[in-house]
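Working notes, beginning with the structure itself.
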Amino acid sequence: MKKRTFLKLSSALMTAPLYSPLVSCQAESKAEVLKNWAGNIMYSTTKLDKGQSLEEAKYYLGKYDKFKVLGTRHCFNTIADSDSRFMQMENRPSWGIPSDGKSVTVNANSRYGDLSPYIHEQGYALHNLASLPHISVAGAIATATHGSGEKNGNLASAVSELEMLTADGETVRLSREKDGEKFNAAVVHLGALGVLTKVTLDLQPTFEMTQYVYENMPLAQLQDHFDEIQASGYSVSLFTNWQSQNIAEVWVKQRADAPQMNQKEWLGATLATKNLHPIPELSAENCTAQMGVPGPWYERMPHFKMGFTPSSGDELQSEYFVPRQNAVDAIMAIARLGDQVGPYLLTSEVRAIAADNLWMSPCYQQDCITIHFTWKPDWPGVSKLLPIVERELAPYKARPHWGKLFTMPPGELEKHYPKLPEFREVVKQYDPKGKFRNAFLEKNVLGV
């Protein structure tokens, strides 16, 4: 594998003294280089304040004219970058379930992998989880990070209420029930509206799941059986490198109380006889249990275990959302690029995700499939491929994942988000002086 390639955003590593006794830790005091999870992004400042309370968050809001909130750093592009300074709230899990059991209210910086076992122990479950449980609630919903399942909305669709601090330090509370379109505008906020402090998530009764993996399904089966394949489980993922006429692995995640997909052959594919990793060369040790072994929902919905390195770690990612009615045509368009994209891929994944009403969600008012690319860490090569991929997907009105790598121009993005002009007005309302703006938002979202 090639040496890790950095998208170097700034070469100036600045240092400064501590500003307040409220500051628990500052990366700037040691000039620590701040990078994202995969290491492909070097952030544009080393100035990092770590807070432990709502009062500290308000203090920083009042003290600084510009900053961004830094979460678990799982975005592969510069949507979370700052050339001024960062604030990061300490991960202090706190959550409570009302007596009716319909929801859980959590600190926004809680990680799903920490929250989920607690919910399960209380007899409840979330409707969906991302492929890795290491991400925070705030970061996931801000970028419409999604999980999968043709009847399951993304993680943000579970939000019923939210609390945030706006640029002037005001506490704003919005709910699905009371605030309608204002709420729909604010959930997938792209980091542009404020500091998310608390989130209330819908719950359902807990359940167990199983996971089966099938190998080498002929790509041609998708032409006539794509709906059947996606309907075969609670969540279904197709993994391929686009360099053969087969889907290398089909991961079928099912509720344990549903009829089980455990036949040895299915649509030309064969049932795996051992646990597999989505990247065939890697050990399945980091992956959630397969082979039809039942387990709690939170130990089967993700592909990767909490406490282990997800995916390969040394990678780049891109992903595109395509309207469900265009699924097969879009998949076949990418398959025709196999010889071009294959050499740069670790793996590629196809999933389904249900529609929602959240303004800046790629699934806004449309059921989607997603075509995800886990690339080798070769940005020069990948950067040349992305325009080719986007050109092939253009007829199908593809929307890129907000937190992953894309080259689609702002004018093209705007065509795909009918609520974008109204979202800009909401941003002006909550952040009139641009405290939370950065270069990514100004270019791709705010039209500056």
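Here, residue 1 is the first one in the sequence, and each next residue gets the next number. Both backbone and side-chain heavy atoms feed into the values below; hydrogens, waters and symmetry mates do not.
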Could you measure the distance from the [atom1] atom of [X] to the [atom2] atom of [Y]? Nearest 0.5 Å is fine.
| X | Y | atom1 | atom2 | answer |
| --- | --- | --- | --- | --- |
| K404 | N77 | NZ | CG | 10.5 Å |
| N152 | D356 | CG | CG | 12.5 Å |
| I97 | T200 | CD1 | OG1 | 11.5 Å |
| E208 | Y298 | CD | OH | 10.0 Å |
| L190 | W359 | CG | CH2 | 12.5 Å |
| S136 | H134 | OG | NE2 | 13.0 Å |

### Quiz item: cation-pi between R399 and Y417, 6.0 Å / 45°
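Yes, R399 sits over the ring of Y417.
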Taking atom types as modelled, find out whether [X] and [Y] have a side-chain donor-acceptor pair closer than 3.5 angstrom.
| X | Y | result |
| --- | --- | --- |
| D202 | S103 | no |
| E163 | T197 | yes |
| E161 | T105 | no |
| S160 | E177 | no |
| W251 | E249 | yes |
| H127 | Q204 | no |
| W37 | T72 | no |
| T347 | N241 | no |
| T370 | E319 | yes |

Got [X] and [Y] here, is their nearest side-chain heavy-atom distance under 4.5 Å?
| X | Y | result |
| --- | --- | --- |
| V187 | R176 | no |
| K68 | D81 | no |
| S131 | S237 | no |
| K415 | L413 | no |
| R351 | I353 | no |
| P302 | L132 | no |
| V195 | T166 | no |

Before accepting this row, confirm whether a basic side-chain N of the pair [X]/[Y] lies closer than 4.0 Å to the acidic partner's carboxylate O.
| X | Y | result |
| --- | --- | --- |
| R85 | D49 | yes |
| K305 | E299 | no |
| K419 | E181 | yes |
| K58 | E56 | no |
| D83 | K47 | no |

Polar side-chain atom of [X] near backbone of [Y] as donor-acceptor pair, under 3.5 Å:
| X | Y | result |
| --- | --- | --- |
| Q254 | Q211 | no |
| H120 | Y118 | no |
| N128 | G153 | yes |
| S116 | Y112 | yes |
| Q317 | F76 | no |
| N275 | A284 | no |
| H146 | S148 | no |
| K151 | Y234 | no |
| N438 | F440 | yes |
| N36 | C75 | yes |

Give me the ring orientation class for [X] and [Y]: parallel if the planes are under 30° apart, tilted from 30 to 60°, perpendicular past 60°.
| X | Y | answer |
| --- | --- | --- |
| F304 | H277 | tilted |
| F406 | W402 | perpendicular |
| F373 | W375 | parallel |

#### Entry: Those residues that, when tested against D257, pass side chain to side chain contact (heavy atoms under 4.5 Å, CB included) (two or more places apart)
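R255.
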### Message
Would F86 and Y43 count as a ring pair (Phe, Tyr, Trp, His ring centres under 6.0 Å) here? Give the steps.
### Response
CA-CA 10 Å; F86 291 107; Y43 293 122; 5.3 Å; yes
#### Entry: Least distance between heavy atoms, P421 atom then E414 atom
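Distance-wise, the nearest heavy atoms are CG-OE2, 4.3 Å.
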### Query
Given F239 and H303, is the ring pair (Phe, Tyr, Trp, His ring centres under 6.0 Å) satisfied, shown in steps?
CA-CA 12 Å; F239 291 98; H303 298 332; 5.5 Å; yes
### Task
Please confirm whether Y430 and H189 have ring centers closer than 6.0 angstrom.
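Ring centroids of Y430 and H189 are no less than 6.0 Å from each other.
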### Task
Could you please spell out the steps behind the side-chain contact (heavy atoms from CB on, under 4.5 Å) verdict for Y320 and L386?
CA-CA 11 Å; Y320 298 91; L386 291 182; 3.8 Å; yes
